[in-house]
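In what follows, a single structure is set out as structure tokens and then discussed.
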There are 2 protein chains.
Amino acid sequence: MTDQTVPTTAAGEAATARGEQTRQLILETAMRLFRERGYARTTMRAIATEAGVAVGNAYYYFQSKEHLIQEFYARTQAEHRTAAQPVLDRESDFAARLAGVLHAGIDVLTPSHEFAASFFKTAAEPTSPLSPFSAESSGPREAAIGLYAEVLTGSTAKVDAELRPQLPELLWLAYMGVVLFWVYDRSPGQARTRQLIDGAVPLVDRLVKVSRLRVLRPVTQQVVSLIHTLRH
Amino acid sequence: MTDQTVPTTAAGEAATARGEQTRQLILETAMRLFRERGYARTTMRAIATEAGVAVGNAYYYFQSKEHLIQEFYARTQAEHRTAAQPVLDRESDFAARLAGVLHAGIDVLTPSHEFAASFFKTAAEPTSPLSPFSAESSGPREAAIGLYAEVLTGSTAKVDAELRPQLPELLWLAYMGVVLFWVYDRSPGQARTRQLIDGAVPLVDRLVKVSRLRVLRPVTQQVVSLIHTLRH
DNA sequence: GAACCATCTTGAACACGTTCAAGTTCTGTC
DNA sequence: GACAGAACTTGAACGTGTTCAAGATGGTTC
């Protein structure tokens, strides 16, 4: 919904009203066909035909078939944020906030499970612009990490001072792990993923709270130091 | 009506002398070209030409280009096992065994880093036969899990009785995590991955040993129960 | 040897993602 | 209105993985 993103077309950067309309048309058609038939079974020719344009025209607006998915990321992230808002407003307990936000993320993803699984391979490639770790994905990624920062700041949880700054990114990583599990989850309605969240959140909660105990200080520091090392 | 289990097709277990020779030739050629040019830039036509056979012939022995990689798995796993043997013979401390085996795994993978990254996307797709979780990969997977069972059984570590049976698979999962990190690792010589291993192993060691403490019994049980739930 | 049949081999053909030189439409300027 | 250039659009053509009907090969049986 929010058109605040800077449009990056294949040819240039400037998006005029004329082109924007076609761009949106192609995008909507693509998203619809992806949902209907899956990613692999939707051909660029089909997208172009259904949208009533030439194949080459789709490539004028999108660098590749994969780049059509970039939009999916942005939308999903925005929806996740929206879906998480009530939880953030309502809950103050860390575990409740975390579980709520994680569930909201899966809620938003659920209608796209098949589609997501089929293009996941693309996102998984380290050099792909679609990788959640890539520079191109930094927008949605930063937004997502910000969401987990809110999970933390709005909660009453007391966290070890050294661990705290690292925690949002760690929680986002955990979310990536949940998404990874979800992609592979073949249980009906991805019920397992829900169980994973419900089972893992209390453990994370426990770990986070226990990080302040004097006895475990060395361990906490060990963890923080490892993170620092790995990050450079 | 009798055992007409014909099918040498690609599944390729019935190996007559005639066919096996061609199969090996194609395989060696493919592996060489993959290493030389990378996965994506090696075409099936190039493999066939270099091997001196027709394109279709390659497809007689291998279901797809991806399936050529299956062999890479099997070989890597076998090499891993071999490389890990000295460590298993020498060490009895759990942490030392685990670190040694993990490092051995990365040792074996190192020459293929570029190649591995380029086909990783393929392996990441849930429905791919190359997925480490797929039925087709069960051979190498079971072997790998067995390796981590040895890490445990040969060690002097005392582990919670309920956790113990789950541990080999968990350690293998951790190894998958390390490999995931390694694929994304752009540091020279993948030095970060080494740091990850050296940093994470003591933590795992600590966790495993601490699992027996009476105070933490509930947590351990919570973890074990979560694993059970997720596995069905 | 001849006939049979499973095994193996071939290469043209297909569908796909992608490119690009060539066209068309729009917008601003005089 | 005429012109220039940018923005947009086209569809044939390329290289790719993959398929398949047709043919070749070699062992087995009589």
Side-chain angles (χ1 to χ4, degrees), chain A residues 7-27 29-30 33-34 37-70 118-119 121-122 125 128-130, chain B residues 1-27 29-30 33-34 37-70 118-119 121-122 125 128-130:
Chain A
T8 55
T9 63
E13 313 77 39
T16 66
R18 178 156 68 116
E20 190 56 25
Q21 204 172 338
T22 311
R23 193 190 135 90
Q24 283 304 320
L25 177 61
I26 293 169
L27 197 48
T29 309
L33 292 184
F34 285 160
R37 317 179 182 176
Y39 179 72
R41 283 149 66 105
T42 303
T43 69
M44 289 301 281
R45 283 169 182 79
I47 295 172
T49 304
E50 290 267 319
V53 301
V55 203
N57 202 7
Y59 281 91
Y60 179 77
Y61 290 102
F62 301 93
Q63 273 180 44
S64 71
K65 190 181 175 187
E66 299 183 1
H67 277 78
L68 280 164
I69 306 176
Q70 201 65 284
S118 71
F119 84 75
K121 56 182 279 187
T122 300
E125 195 184 28
S128 167
L130 287 172
Chain B
M1 61 203 281
T2 56
D3 272 41
Q4 276 296 54
T5 48
V6 161
T8 33
T9 54
E13 68 295 344
T16 67
R18 180 154 66 115
E20 189 55 25
Q21 205 172 338
T22 311
R23 195 189 135 88
Q24 283 304 319
L25 177 61
I26 293 168
L27 198 48
T29 309
L33 292 184
F34 285 161
R37 316 179 182 178
Y39 179 73
R41 282 147 66 105
T42 303
T43 69
M44 289 302 280
R45 282 167 184 80
I47 295 172
T49 304
E50 290 265 320
V53 301
V55 205
N57 203 7
Y59 280 90
Y60 180 76
Y61 291 103
F62 301 93
Q63 273 181 45
S64 71
K65 189 182 176 188
E66 299 184 2
H67 277 79
L68 280 164
I69 306 176
Q70 200 67 284
S118 72
F119 82 76
K121 57 182 277 188
T122 301
E125 196 185 26
S128 167
L130 286 172

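Order of the sequence lines fixes the chain letters, A, B, ..., with proteins taken first and strands second; residue numbering starts at 1 for each chain.
Protein atom NZ of B/Lys65 is 16 Å distant from nucleotide atom P of D/dG15, rounded to whole Å. Here C/dC16 presents its P atom at 12 Å from CD1 of A/Ile47, a figure rounded to the nearest Å. Between A/Arg23 atom CZ and D/dT9 atom P there is a gap of 13 Å when expressed in whole angstrom units. Atoms CZ (B/Phe62) and P (C/dT9) sit 12 Å apart, rounded to a whole Å. In this structure, B/Ile69 atom CD1 and D/dG17 atom C1' are separated by 13 Å, rounded to whole Å. In this structure, CZ of B/Arg37 is placed 14 Å from C1' of D/dT16, rounded to the nearest angstrom.
Once rounded to the nearest 0.5 Å, the distance linking CG of A/Leu27 with CD of A/Gln70 reads 11.0 Å. Rounded to the nearest 0.5 angstrom, A/Ile26 CD1 and A/Ile47 CD1 are separated by 9.0 Å. Going from atom CZ of A/Arg23 over to atom CG of A/Asn57 covers 12.0 Å, rounded to the nearest 0.5 Å.
B/Tyr59 has no side-chain polar atom (N or O) that falls below the 4.0 Å cut-off from OP1 or OP2 of D/dT19. Put simply, B/Tyr60 has no side-chain N or O that comes within less than 4.0 Å of OP1 or OP2 on C/dT9.
Both cation-pi conditions hold for B/Lys65 and B/Tyr39: the charged atom is under 6.0 angstrom from the six-membered ring centre and inside a 45 degree cone around its axis.
In terms of polar N and O atoms assigned as donor or acceptor, the side chain of A/Arg45 comes within less than 3.5 Å of the base of C/dG17 in a complementary pairing.
Each of C/dT18, C/dT7, C/dG11 was ranked by its minimum atom distance to the side chain of B/Ala54; first place goes to C/dG11. Residue B/Tyr61 has its side chain nearest to C/dC8 when only C/dT10, C/dC8, D/dT18 are considered. The A/Thr22 side chain lies nearest to D/dT9 when the options are C/dT9, D/dT9, D/dT10. For B/Asn57, the listed nucleotide lying nearest its side chain is C/dT10; candidates were C/dT10, C/dG17, D/dT18.
In terms of position on DNA chain C, the residue among B/Val55 and A/Met44 whose nearest nucleotide sits closer to the 5' end is B/Val55.
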Query - Derivation and outcome, side chain to side chain contact (heavy atoms under 4.5 Å, CB included), residues B/Val53 and B/Thr29 - result: CA-CA 11 Å; B/Val53 301; B/Thr29 309; over 6 Å; no
